[in-house]
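No experiment lies behind these values; they were computed from the predicted model shown.
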Amino acid sequence: MSTCEESAPVDGLLRPTADVDRDTLRSLALDGLLVQLTEDCWVAADAPAGPRLRAAALGPPQLADTAYSHATAHWVWWGSGRSPVTVHLTTLKRRRLRGNYAAHTFERTLGPFDVSRPAAVPVTTGARTLFDEAMAIETQDPTRLAAAITTLLVDVGRADRLAFGEYVDGLYRRSGITVLRRALELVEL
């Protein structure tokens with residue numbers, strides 16, 4: 001179990017309450033004392049931001065049996081500043097979702113090793129997140145895909161890059177995987 005799997009509460013997150021309203025928190029952010037992480041969550045400007053803090057700021061996904069994925073998960077693992085405006089979720093078990101949700105939802109099945117739980121919040125692992133984002137890049141040209149993946153990996157550490165490469169090497173019988181493998185041969189992991 002990774003150290004990010006801790007479920008202890010994360011201290012230092014501030015949300016609007018009856019005593020401290022949203023305008024007060026915004027004013028403190030403008031003064032440089034707080035940093036806004038999500039629409040309704042702030043943290044002290046000098047707080048060390050990491051995956052646990054960012055996942056706790058998001059809170060549990062708005063839909064049951066889903067995990068944060070794609071751009072939202074990328075922000076949890078390697079992001080800085082404020083979370084993406086559009087929340088991306090992936091179902092844990094492939095199922096049809098009906099309704100009008102404020103999140104972009106991917107209907108897939110995630111394996112047991114595809115989800116981590118920093119601050120007890122389900123988030124796709126770093127390798128799965130990078131795979132999902134790379135597969136969403138719309139090109140069949142390995143050279144263009146490699147350039148896009150290089151941009152995607154700017155803030156990603158070497159260990160996570162290698163884990164991504166190993167994740168892709170372990171996949172088979174998936175649409176687009178051959179082009180992705182050719183692109184990764186051109187990328188320095």
Side-chain angles (χ1 to χ4, degrees), residues 2 4-5 7 10 13 15 35-43 49-140 144-157 160-161 163-165 167-168 170-171 174-177 179-180 183-184 187:
S2 110
C4 285
E5 305 272 339
S7 60
V10 176
L13 297 178
R15 298 183 192 274
V35 173
Q36 187 172 7
L37 294 176
T38 66
E39 181 64 29
D40 65 345
C41 186
W42 287 259
V43 67
R52 283 193 71 239
L53 181 77
R54 289 189 287 269
L58 286 171
Q62 65 187 29
L63 297 172
D65 299 322
T66 59
Y68 290 110
S69 63
H70 295 75
T72 307
H74 192 103
W75 177 78
V76 168
W77 296 118
W78 305 288
S80 61
R82 195 165 170 189
S83 68
V85 174
T86 302
V87 173
H88 292 98
L89 299 171
T90 297
T91 56
L92 299 177
K93 300 275 187 233
R94 185 180 199 95
R95 64 190 165 113
R96 174 64 74 194
L97 294 172
R98 292 194 168 99
N100 187 13
Y101 303 106
H104 186 94
T105 308
F106 298 88
E107 298 168 351
R108 300 193 177 121
T109 297
L110 294 173
F113 299 106
D114 288 338
V115 178
S116 186
R117 297 182 183 275
V121 175
V123 179
T124 54
T125 62
R128 177 61 195 227
T129 298
L130 294 171
F131 171 74
D132 287 339
E133 290 183 304
M135 293 301 285
I137 298 168
E138 295 183 11
T139 183
Q140 292 299 312
R144 294 174 80 186
L145 182 57
I149 290 172
T150 300
T151 302
L152 182 69
L153 297 175
V154 165
D155 296 324
V156 179
D160 291 326
R161 289 170 178 239
F164 169 49
Y167 185 87
V168 171
L171 299 174
R174 291 199 184 213
S175 175
I177 198 70
V179 174
L180 179 58
L184 288 180
V187 175

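Atom CZ of Arg108 and atom CG of Leu92 lie 13.0 Å apart (nearest 0.5 Å). The distance from the NZ atom of Lys93 to the OG1 atom of Thr66 is 13.5 Å, given to the nearest 0.5 Å. The distance from atom CZ of Arg144 to atom CD1 of Ile137, rounded to the nearest 0.5 Å, is 11.5 Å.
Annotation for Leu152 and Leu130: closest pair CD2-O, 4.0 Å, computed over non-hydrogen atoms. Residues Arg52 and Ala119 share a closest heavy-atom pair of O-CB, 3.5 Å. Contact record, Pro122 with Arg117: CB-NH1, 3.4 Å, taken as the closest heavy-atom pair. The minimum heavy-atom distance between Asp114 and Tyr167, with the atom names listed, is OD1-OH, 3.0 Å. Heavy atoms only, all atoms of each residue included: Ala146 and Ala183 are closest at CB-O, 3.5 Å. The shortest heavy-atom contact between Trp77 and Pro118 is CH2-CG, 3.9 Å.
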Report task. Determine, stepwise, if the pair Leu13 / Leu37 fulfils side chain to side chain contact (heavy atoms under 4.5 Å, CB included). Result -> CA-CA 9 Å; Leu13 297 178; Leu37 294 176; 4.2 Å; yes
Report task. Let me see the working for Leu58 and Val123 under side chain to side chain contact (heavy atoms under 4.5 Å, CB included), right down to the final yes or no. Result -> CA-CA 10 Å; Leu58 286 171; Val123 179; 5.9 Å; no
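Listed by chain and residue number, Phe131, Ala134, Met135, Leu145, Ile149, Val168, Ile177, Leu184 satisfy the side chain to side chain contact (heavy atoms under 4.5 Å, CB included) test with Leu180 (two or more places apart in sequence, or in another chain). Residues satisfying the side chain to side chain contact (heavy atoms under 4.5 Å, CB included) test with Thr125, not counting sequence neighbours, are Ser116, Ala127, Arg128. For Gln36, there are no side chain to side chain donor-acceptor pair (under 3.5 Å) partners two or more places apart in sequence or in a different chain. Remark: Ala136 pairs with no residue by the side chain to side chain contact (heavy atoms under 4.5 Å, CB included) rule, at least two apart or across chains. Every side chain to side chain donor-acceptor pair (under 3.5 Å) that Thr38 has, sequence neighbours left out, goes to Asp40. Legend: residues meeting side chain to side chain donor-acceptor pair (under 3.5 Å) with Thr124, ordered by chain and number and at least two apart, are Thr129. His88 is linked by a side chain to side chain donor-acceptor pair (under 3.5 Å) to nothing, counting only residues two or more places apart in sequence or in another chain.
For residues 57-85, the pairs satisfying salt bridge (Lys or Arg N to Asp or Glu O under 4.0 Å) are Glu39-Arg82, with sequence neighbours left out. Among residue pairs with one or both ends in residues 70-80, none qualify as salt bridge (Lys or Arg N to Asp or Glu O under 4.0 Å); sequence neighbours excluded. Legend: salt bridge (Lys or Arg N to Asp or Glu O under 4.0 Å) pairs involving residues 146-155, not counting sequence neighbours: none detected.
Of the possible donor and acceptor atoms, none in the side chain of Trp78 sits under 3.5 Å from a partner among the backbone N and O of Val154. Counting only distance, with no hydrogens or angles, the side chain of Arg54 and the backbone of Gly79 share a donor-acceptor pair below 3.5 Å.
No side-chain heavy atom of Asp132 sits less than 4.5 Å from a side-chain heavy atom of Phe106. Residues Val121 and Val76 fail the side-chain proximity criterion, which asks for heavy atoms closer than 4.5 Å. Side chains of Leu89 and Gln62 form a contact here, defined as non-hydrogen atoms less than 4.5 Å apart.
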